[in-house]
Amino acid sequence: MTDDKKLLQELLEKHNNGDLKPKERYEIPPQGMPAQDATERRDNIDEVATGYTETQARLEALRCLQCKNAPCVAGCPVKIKIKDFVSAIADGQYQQALEIIKENSLLPSVCGRVCPQEVQCQEKCTVAKRFKDVDKAVAIGRLERFVADWGEENDSTPKIAPPTGKKVAVIGSGPGGVVVATDCRRAGHDVTVFEAFHKPGGVLVYGIPEFRLPKAIVEREIKGLEKMGVKFECNFIVGRTRTVKQLLEEDGFDAAYIGVGAGLPRFMNIEGEQLVGVYSANEYLTRANLMKAYQFGEGADTPIAVSKKVAVLGGGNVAMDAARTAVRLGAEEVYLIYRRSEAEMPARVEEVHHAKEEGIIFKTLQNPKRILGDGDGYVKSLECLKYELGEPDDSGRRRPVPIEGSEFEIDVDTVIVAIGNGANPLIGQTTPGLEMNKWGNIVVDEDCKTSLDGVYAGGDIVLGAATVILAMGQGRIAAAAMNDYLKD
Amino acid sequence: MAHKIIKKQQLSENVFTVDVKAPLIAEARKPGQFVIVGLDAEIGERIPLTIAGADTEKGTIRLVWQRVGKTTAQMSELNIGDEMGYIAGPLGTPTHIEKFGKVVCVGGGIGNAPLLPIARALKDAGNEIVTVLGARTKNLLILEEDFASISDELIIVTDDGSCGRKALVTEPLEEICKQSPKPDLAMVIGPAIMMKFCSEVTRKYDVPTQVSLNTIMVDGTGMCGGCRVEVGGETKFVCVDGPEFDGHQVDFDQMMKRQAAYKDLEKKAYEQYQHKCRIGLDANNNK
Ligand SMILES: Cc1cc2nc3c(=O)[nH]c(=O)nc-3n(C[C@H](O)[C@H](O)[C@H](O)COP(=O)(O)OP(=O)(O)OC[C@H]3O[C@@H](n4cnc5c(N)ncnc54)[C@H](O)[C@@H]3O)c2cc1C
Ligand SMILES: Cc1cc2nc3c(=O)[nH]c(=O)nc-3n(C[C@H](O)[C@H](O)[C@H](O)COP(=O)(O)OP(=O)(O)OC[C@H]3O[C@@H](n4cnc5c(N)ncnc54)[C@H](O)[C@@H]3O)c2cc1C
Ligand code: SF4
Ligand code: FES
């Protein structure tokens, strides 16, 4: 028996007798996430984190103190009963754990992989507080992923209420849309999901790369919806193919959910952004993921730049994904250029960590000033300025201030701009009466209802570029309100 | 949704046209708009093609394409009754149609196809239409009969003089601009280089000019920014802000560079494809 297994057996004995003291729980080593070797994974697109073994999962679950007030739950945007599902894992009751999670979250295999736990549940965890280190919190996300993956095979189709005769249109097939489709279908409504792209899943398929979220997981969730009787209309651009108004007034839909995401790439508006070799992260990632450009010439038809030296501008998840994708596409040097310091980076800590392991060169407190061309229209280099941190700004983060005269040049052939996304204006422009704020985000009330009757919205188009779990949370709220609205 | 090919025709050596089922797009489309076509949802490329016409009763749209690379070559192999993968649209901002007065329509090569529905709509709005169509040689000239039926005057030019005048389109265009009254609008669609030089001609005579840009696209809905061009010093997305823009404001040189971004890769893919086809043919011949 391995040491781990022995340790687990000893601990379980005490645990089952109710003798495992908090002090002893603190002493259980935090279970690291097994991962593919960093050098090896530079050359493949397979998932980096390979997931806990059963022993690891139970050891990790035993670290949980079962706090009375469960502060972790307060940190979860959808209030998963964390304490309870972790306890079920410690007891080896995985099916039960999964059911507890599914009460609040429909896509645990996705959320367990992509949620920024370190600023949500795990930040609040008592164990993290005790060690004054969020890395030492109970690894709630990894445990969530463990049960979700365990449950992969024994997934059952949820019960569906008798047909109500009511039709629901879900516009956009991202995580928010998926949740609305599930909840409205469960209530017995006839649900159609409209998706602009040729594949459903939203950012989960076109944005987040395979090595972080295998597409098979998303496909399985979509198949599950189809099995429930949800219809998918891909290549259907609401606002162009049909308008929201037409769906409601002519096509017989009784309610609609707008979950079209934040699909408008921002550029820096600096000199040289039209040069060949400058991409938005959206374009770069869509080519790479959805269009499978990593297989160009060996099956896939969409090309992508063959880059040697790449600069990625930004410090969020999108920037990490772009940089790590560039590595896998064969780039020799990849720089990540961010104008604040690493502490302010919005990306998940795990992604930053993985990116560094994969050899991405972090250039913090630097910001591009212009992109220089080779005279033939191609990117040749990037001129940057060095920054220092000044006084805190509105966001509470210290404002980066350029250091005058600190210009320097980096030779690159590709520049990927990953500084965020705005709201795509199409739905707003084609839906009279739909109220939006000055940034083009749809305005909703606490039920996620828009200014139009029967029309609800959520996710990034409401929140601005946010997270998977927040989109799912809003989907939940919207679906409940829609089911309510469709009652009378 | 099924997109069955109802009609197919070869217009010239490398130009094909189909009528394909797409009822919702047929109903919603307006002149100047385009679709994104993909032959295979797993590995195919998404390519933009202008909607060259539509029949709402039959629920079909007309597409015209030139065989230039792998996807257009694969499409050319499809026949009546075949499915055309997926089609998304209609995309882009429709052409602004009104009664301008005298409009000179200039089409080059495959550009005649997107030009046709626009010229027709301009004609229907009461404009006088003078059309200039250009091609390298007679065999490559397409849709001249359709243009003849809607133009008040039709001028044909070829590079080698095999049909109409031996000239580039810019020559008759300049003559028309010199006439009095001069045209109220020039509508120019063709290869980027042609649109660039036509815009230079009309600029001299202060004739407002619309061009339709064919940048490389991915989504066609404003999501990726790959189609961006500089127009009047501002970044525009061709798929949503266009495809039509003021020709006097477009930075054609940079646009042409961006269009050629994947030239080498695409060439290789096309050659591989042709090679595979040839092997396939040989195998069949040997049977
Ligand atoms: C590269 C990248 C990495 C990310 N990493 C993380 C992460 O690690 N963790 C995390 O929590 N979040 C992450 N996010 C953010 C997260 O993915 C989003 O917040 C979330 O997907 C938003 O969900 P949504 O329901 O609003 O829809 P989206 O996922 O944005 O999907 C919207 C869908 O609507 C479709 N659509 C748009 N317009 C129309 C129309 N007119 N008609 C029909 N369909 C339309 C789009 O094609 C798209 O499929 C990341 C985002 C990106 C881009
Ligand atoms: C709004 C718009 C409308 C268009 N309408 C038509 C049309 O009605 N008929 C027609 O024949 N063509 C049209 N095009 C161009 C057409 O999309 C390309 O010829 C097609 O994508 C080539 O694909 P391929 O795989 O066969 O060739 P590829 O191997 O991909 O490319 C061959 C060459 O075509 C050019 N090209 C490649 N991809 C694109 C692209 N996405 N957009 C533009 N040029 C590209 C490049 O210069 C390349 O070197 C249009 C383009 C746009 C943007
Ligand atoms: S806060 Fe941490 S230790 Fe306490 S119940 Fe939640 S996961 Fe367990
Ligand atoms: S094609 Fe992606 S934004 Fe225009």
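To find a chain, count down the sequence lines: A is the first, B the second, and so on, and within it residues start at 1.
- Of the two parts of A:Leu264, the backbone and the side chain both hold a non-hydrogen atom closer than 4.5 Å to a non-hydrogen atom of chain B.
- Of the possible polar contacts, none joining the B:Arg228 side chain to the A:Gln274 backbone as a donor-acceptor pair under 3.5 Å is found.
- Contact of A:Arg242 with chain B is made through the side chain alone, with heavy-atom distances under 4.5 Å.
- B:Glu57 CD: 12 or fewer foreign heavy atoms inside a 6.0 Å radius.
- If you measure heavy-atom distances from B:Arg29 to chain A, you find no contacts under 4.5 Å at all.
- Of the listed residues (A:Leu290, A:Asn269, A:Ile304), the one with the most heavy-atom contacts under 4.5 Å to chain B is A:Ile304.
- Looking only at side-chain heavy atoms (C-beta outward), A:Lys199 and B:Glu42 come within less than 4.5 Å of each other.
- Each of A:Leu426, A:Leu275, A:Asn421 has some count of heavy-atom pairs under 4.5 Å with chain B, and the biggest count is that of A:Leu275.
- A side-chain donor-acceptor contact under 3.5 Å links A:Thr241 to the backbone of B:Gly89.
- Taking CG of B:Asp40 as the start and NE2 of A:His198 as the end, the distance is 8.5 Å to the nearest 0.5 Å.
- Heavy atoms of A:Phe267 lying under 4.5 Å from chain B belong exclusively to its side chain.
- For A:Leu285, no part sits under 4.5 Å from any heavy atom of chain B, backbone or side chain.
- B:Lys268 does not touch chain A: none of its heavy atoms, backbone or side chain, sits under 4.5 Å away.
- More than 12 heavy-atom neighbours from other residues, nucleotides or ligands sit within 6.0 angstrom of NZ on B:Lys196.
- Looking at B:Phe237 and A:Pro265, their side chains come closer than 4.5 Å, going by heavy atoms from C-beta outward.
- Each of B:Val218, B:Asp219, B:Ile216 was checked for a side-chain contact (heavy atoms from CB on, under 4.5 Å) with A:Glu283, and the lone residue meeting it is B:Val218.
- Within 6.0 Å of NZ on B:Lys30 lie no more than 12 heavy atoms contributed by other residues, nucleotides or ligands.
- With a 6.0 Å radius and a threshold of 12 heavy atoms from other residues, nucleotides or ligands, B:Arg62 has its CZ atom at or below the threshold.
- Take B:Thr50 and apply the side chain to side chain contact (heavy atoms under 4.5 Å, CB included) test, not counting sequence neighbours, and it matches B:Pro114.
- Chosen from A:Glu273, A:Arg287, A:Met291, the residue pairing most often with chain B at heavy-atom distances under 4.5 Å is A:Arg287.
- Atom CZ of residue A:Phe236 and atom CD1 of residue B:Ile25 lie 9.5 Å apart, to the nearest 0.5 angstrom.
- Taking the six-membered ring for Trp and thresholds of 30 and 60 degrees, A:Tyr279 and B:Tyr262 have ring planes inclined between 30 and 60 degrees apart.
- Between chain B and the options A:Pro303, A:Ser280, A:Ala281, heavy-atom pairs under 4.5 Å are most frequent for A:Pro303.
- Heavy-atom distances place both the backbone and the side chain of A:Asp376 under 4.5 Å from chain B.
- When A:Ala293, A:Gly277, A:Gly263 are compared by the number of non-hydrogen pairs under 4.5 Å with chain B, A:Gly263 comes out ahead.
- Taking chain A as the reference chain and counting heavy-atom pairs below 4.5 Å, the highest number among B:Gly226, B:Ala260, B:Gly92 is found for B:Gly92.
- Other residues, nucleotides and ligands contribute only 12 or fewer heavy atoms inside 6.0 Å of the NZ atom of B:Lys4.
- In this structure, chain A has a heavy atom under 4.5 Å from the side chain of B:Gln74, while its backbone stays farther away.
- In this structure, the side chain of A:Asn424 engages the main chain of B:Thr221 through a donor-acceptor pair within 3.5 Å.
- Of the possible polar contacts, none joining the A:Asn235 side chain to the B:Ile87 backbone as a donor-acceptor pair under 3.5 Å is found.
- No part of A:Val417 comes within reach of chain B, as not one of its non-hydrogen atoms sits under 4.5 angstrom from that chain.
- Between chain A and the residues B:Glu230, B:Arg46, B:Gln254, B:Glu266, the largest count of heavy-atom pairs under 4.5 Å involves B:Arg46.
- Looking at every heavy atom in both residues, A:Thr286 comes nearest to B:Met223 through OG1-CE, 3.4 Å.
- By number of non-hydrogen pairs under 4.5 angstrom with chain A, the leading residue of B:Asp251, B:Leu91, B:Ile36 is B:Leu91.
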